Amino acid sequence: MPEILEAEKARELIEARALGREIAGVHAPDAWFLKRGLTPEGAAAALPGRRFTEARRRGKLLLLDTDGDGPTLALHLGMSGRVIIDGEAAGDPLLYAANGDNPAWLRFGVTFVDGGALSLRDPRRLGAAELDPDEERLGVDAFALRLPVLRAHVAASRAPIKAMLMDQARIAGLGNLLTDEVLFRAGIDPVRPANTLSDTEVRALARAISTTLRTLQRRGGSHTGDHMPAREPGGHCPRDGAELLRRTVGGRTTYSCPVHQR
DNA sequence: CCGGATGTTCACCT
DNA sequence: GAGGTGAACATCCG
């Protein structure tokens, strides 16, 4: 479920509930889940005794700074990850509820001296935890994106505009659903090479990104877009009634309207 | 049984 | 170098 909006919810949960609490131990039962050289032993050596001082986010990557000269813990939610603190999730409806309390899905976590815990629950195991990540591998956070930066990225890429928008090294945070909604709102065909967009279209795109993020955040998440109900084979555009196209763009299933997205 | 699912990374082509 | 495709990861759902 996570794109930038869900990552932001998780960040807010961490900020509200996890800062300042002394870490007692690390739960890292799955070495594969740890990335960039991090080991269960390494995590167990680096985190206990520390406290999280700040919960940041860049795109979909959660960044938890620790006090003193401690490391920054980075958490990826992957496709099905969710942050749980003291047994309460970030507020999203439970996925895989039929087996929602399978303890094997708690891929990483820390326990606090006060008895609570922060966990990353990830049934599909596509998330990750690492220490001191290279934050610069990610481009500008989508919430902070401004027209001049978007304009530069658009001009520099011949990739389909959808692929360019989803490239986390350029703009961090937009995933498959948000990108389709953005292009739906901007009236732009997802397969258009980025550098063929007119400046008028780039301006519309910048507005659509901003509006989409704020509107869907208020509605409750990445899955609340206007085009979502039609996101199935044979679905019709809620704006003009045309049957939506279903294609693969940038490696992902893509729905778009052949009438108003040109 | 099969295909597909909100993500990232990598091998392999063109 | 840029960018596309398909696979892999693990699990559930229709």
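The figures that follow rest on heavy atoms only: side chains count, while hydrogens, waters and symmetry mates do not. Since this is a predicted model, take the numbers as computed values, not measurements.
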Contacts of [X] that satisfy side-chain hydrogen bond (donor to acceptor under 3.5 Å, both in side chains) - sequence neighbours left out:
X	value
A/Arg239	none
A/Thr196	A/Arg192
A/Glu8	A/Arg11, A/Arg57
A/Asp132	none

For DNA chain B, the residues among residues 182-195 of chain A that have a non-hydrogen atom under 4.0 Å from it: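 Correct list: empty, so none.
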Give, ordered by number, those residues of residues 26-44 of chain A having at least one heavy-atom distance below 4.0 Å to an atom of DNA chain B; if nothing qualifies, reply none.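 Hits under 4.0 Å, by residue number: none.
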Tell me, please, which residues at least two apart from A/Ala43 pass side chain to side chain contact (heavy atoms under 4.5 Å, CB included). A/Val26, A/Leu38, A/Phe108
Indicate every side-chain donor-acceptor pair of residues 255-262 of chain A with a distance under 3.5 Å to a residue at least two apart or in another chain.
{"from": "A/Tyr255", "atom 1": "OH", "to": "A/Arg246", "atom 2": "NE", "distance (Å)": "3.2"}
{"from": "A/Ser256", "atom 1": "OG", "to": "A/Arg247", "atom 2": "NH2", "distance (Å)": "2.9"}
{"from": "A/His260", "atom 1": "ND1", "to": "A/Asp240", "atom 2": "OD2", "distance (Å)": "3.2"}
{"from": "A/His260", "atom 1": "NE2", "to": "A/Phe184", "atom 2": "O", "distance (Å)": "2.9"}
{"from": "A/Gln261", "atom 1": "OE1", "to": "A/Cys257", "atom 2": "N", "distance (Å)": "2.8"}
{"from": "A/Gln261", "atom 1": "NE2", "to": "A/Leu183", "atom 2": "O", "distance (Å)": "3.2"}
{"from": "A/Gln261", "atom 1": "NE2", "to": "A/Ile188", "atom 2": "O", "distance (Å)": "3.0"}
{"from": "A/Arg262", "atom 1": "NH1", "to": "A/Pro258", "atom 2": "O", "distance (Å)": "3.0"}

Output one line per pair: protein atom, nucleotide atom from nucleotides 9-14 of chain B, and distance, for all N/O pairs under 3.5 Å.
none

Under 4.0 angstrom between A/Arg252 side-chain N/O and B/dT6 OP1 or OP2: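 Yes, because at least one side-chain N or O of A/Arg252 sits under 4.0 Å from OP1 or OP2 of B/dT6.
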Give a yes/no answer on whether the side chain of A/Arg124 brings an N or O atom under 4.0 Å of OP1 or OP2 in C/dC12. no
May I have all residue pairs that pass salt bridge (charged side-chain N to carboxylate O under 4.0 Å, His left out) and include part of residues 157-171 of chain A, sequence neighbours excluded?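 For residues 157-171 of chain A, and leaving out neighbouring residues, the salt bridge (charged side-chain N to carboxylate O under 4.0 Å, His left out) pairs sorted by first residue read A/Lys162-A/Asp180, A/Asp167-A/Arg170.
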Residue pair A/Arg214, A/Ser210: steps toward the side chain to side chain donor-acceptor pair (under 3.5 Å) verdict: CA-CA 6 Å; A/Arg214 282 156 186 78; A/Ser210 176; 3.2 Å; yes
For DNA chain B, what string of dots and brackets results from 5' to 3' when Watson-Crick and G-U pairs need both distances under 3.5 Å, crossing pairs get [ ], and pairs with another strand get |? .||||.||||||||
Which pairs, protein N/O on one side and nucleotides 2-7 of chain C N/O on the other, fall under 3.5 Å?
{"from": "C/dG3", "atom 1": "OP1", "to": "A/Ser157", "atom 2": "OG", "distance (Å)": "3.2"}
{"from": "C/dG3", "atom 1": "OP1", "to": "A/Arg158", "atom 2": "N", "distance (Å)": "2.9"}
{"from": "C/dG3", "atom 1": "OP1", "to": "A/Ala159", "atom 2": "N", "distance (Å)": "3.3"}
{"from": "C/dG3", "atom 1": "OP2", "to": "A/Arg170", "atom 2": "NH2", "distance (Å)": "3.1"}

